2 protein chains.
Amino acid sequence: MSEQSRIWIDAETKITDAPEDHHEELRLWLRLFSVTRLIENDVRSKLQSQFDVTFPRFDILSQLYRVPDGLILGELSQRLMVSPGNITSVIKRLMEDGLIVRTQNPDDRRENIVQMTAEGRAKFAEMAEANEAWIRDLTKDLTPADIRSLQALLQKLKTSVRRALG
Amino acid sequence: MSEQSRIWIDAETKITDAPEDHHEELRLWLRLFSVTRLIENDVRSKLQSQFDVTFPRFDILSQLYRVPDGLILGELSQRLMVSPGNITSVIKRLMEDGLIVRTQNPDDRRENIVQMTAEGRAKFAEMAEANEAWIRDLTKDLTPADIRSLQALLQKLKTSVRRALG
DNA sequence: TTGTTTTAGTTTAGGTGTCAAGTAATCTAG
DNA sequence: CTAGATTACTTGACACCTAAACTAAAACAA
């Protein structure tokens, strides 16, 4: 097998090509997963090389950027869909970098609010702009109508998943 | 904020609701990412609790299942879109579990072919069936037409991404 | 009030992920 | 034939990630 042809093979390429509808949902999931990973890998490597920031840190910053009053750690964990135990350590490193601050809520000392520093906001603004340009570039073969349709269908899928999860 | 309302907030919910088309691509990516993570988290936790297998191991097994002759490590790495260094350690553990075997290619001793054992095939068949049922359940609010449209649009997106990546 | 339960976050153990540097085998140009 | 590339894979350092067990604070209930 030539090197050139191998590049285009991935997780969803090789499944049985049965015309019956029985496996279409699985095929859909495999494609969803693979295209997401493809984009995520590209974004991650660009964030790393151009801004020396990891994808998870960027993810946290983008949440906090839109909420100047900050978020409780648990809220952050739910929005990012990652475990609470994970947030703890990533937050610590972002604090060490001076990009966010953390304050205990005096009215409920269990809660800790994190928010961005001015430095964090400035750095994130730069990254976000680049990120948006990357995404526009990656999606440039889609028409506005494609994007609207995809958006709507993904919303419908998400609703379906959430309903199934109870 | 009530607990009930918080559950439904996540990465793509809170972005600015500007009606201009300028941020639609980014919004699309955020939704794609969040719905993928939602499904992946559910599948991972079910694989763990019901079969004591991790998502990455399942991912490797599902590739090997369809290729009885096995795959070279590098091919596996490309298909799964993960780094070669990663494959090494996951493969080692799958071997220790007796689910796969590894053979050096005598014609090119740099290459190592991995393939499933009978035990691996049997265990995977069970998991794959459960997995397909989970996915059907998660997607059950989508019509066959929805699924076909999504499939086609994701294919178009993937082509766009691949073209952009060169 | 006081004992129980719930909630917010941390810690630990272990698996997964990248990148970069390293090794061994093969290829290739001269 | 042989020195320098290239290819396949491994290793090590470090970052993420989850689940489960833990601590501390607050809420609740008798």
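A, B, ... follow the sequence lines: proteins, then strands. Residue 1 opens every chain. Here the structure is a predicted model, which is why all the values come from computation and not from measurement.
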Quick one: is [X] getting a side-chain N or O under 4.0 Å of the [N] phosphate, OP1 or OP2?
X: A:Arg102; N: C:dA8; answer: no
X: B:Arg109; N: D:dA8; answer: no
X: B:Arg44; N: D:dA19; answer: no

Checking C:dT6, C:dT18, C:dT16 against the side chain of A:Arg110 (C-beta onward), the nearest is C:dT6
Consider the side chain of A:Glu111, meaning its heavy atoms from C-beta on, and name the nucleotide among C:dA25, C:dG9, C:dT16 that approaches it most closely. C:dG9
Can you find a heavy atom in the side chain of B:Arg102 that is under 4.5 Å from one in the side chain of B:Ile113? no
Taking C-beta and beyond as the side chain, do A:Val82 and B:Asn41 meet within less than 4.5 Å on heavy atoms? no
For B:Gln104 and B:Ser83, take the nucleotide of DNA chain C holding the closest heavy atom to each; which residue's nucleotide lies nearer the 5' end? B:Ser83
Given that A:Ile113 and A:Asn41 both sit by DNA chain C, which one's nearest nucleotide is further toward the 5' end? A:Ile113
Sequence-distant partners of B:Ser49, side-chain hydrogen bond (donor to acceptor under 3.5 Å, both in side chains), two or more places apart: none
For A:Lys92, give me all partners under side-chain hydrogen bond (donor to acceptor under 3.5 Å, both in side chains), at least two apart in sequence or on another chain. none
Does anything in residues 85-98 of chain A come within less than 4.0 Å of DNA chain D? Heavy atoms only, and list the residues if so. A:Gly85, A:Asn86, A:Arg93
Which sits closer to the 5' end of DNA chain D, A:Asp107 or B:Asp108, going by the nucleotide each is nearest to? B:Asp108
Between [N] ([atom2]) and [X] ([atom1]): distance, integer Å:
X: A:Asp59; N: C:dG17; atom1: CG; atom2: P; result: 17 Å
X: B:Asn105; N: D:dC9; atom1: CG; atom2: P; result: 10 Å
X: B:Phe55; N: D:dT18; atom1: CZ; atom2: P; result: 13 Å
X: B:Arg37; N: D:dC16; atom1: CZ; atom2: P; result: 12 Å
X: B:Gln50; N: D:dA19; atom1: CD; atom2: P; result: 14 Å
X: A:Ile72; N: C:dT7; atom1: CD1; atom2: P; result: 14 Å
X: B:Leu47; N: D:dT18; atom1: CG; atom2: P; result: 15 Å
X: A:Ile60; N: D:dC16; atom1: CD1; atom2: P; result: 8 Å

Indicate, with yes or no, if the rings of A:Phe55 and B:Phe33 have centres closer together than 6.0 Å. yes
Would you please indicate yes or no on a ring centroid separation below 6.0 angstrom for B:Phe124 and B:Phe51? no
Residues, nucleotides or ligands: over 12 heavy atoms within 6.0 Å of A:Lys156 NZ: yes
Which part of the nucleic acid, if any, lies within reach of B:Pro84 when heavy atoms closer than 4.0 Å are counted: base, sugar-phosphate only, or nothing? base
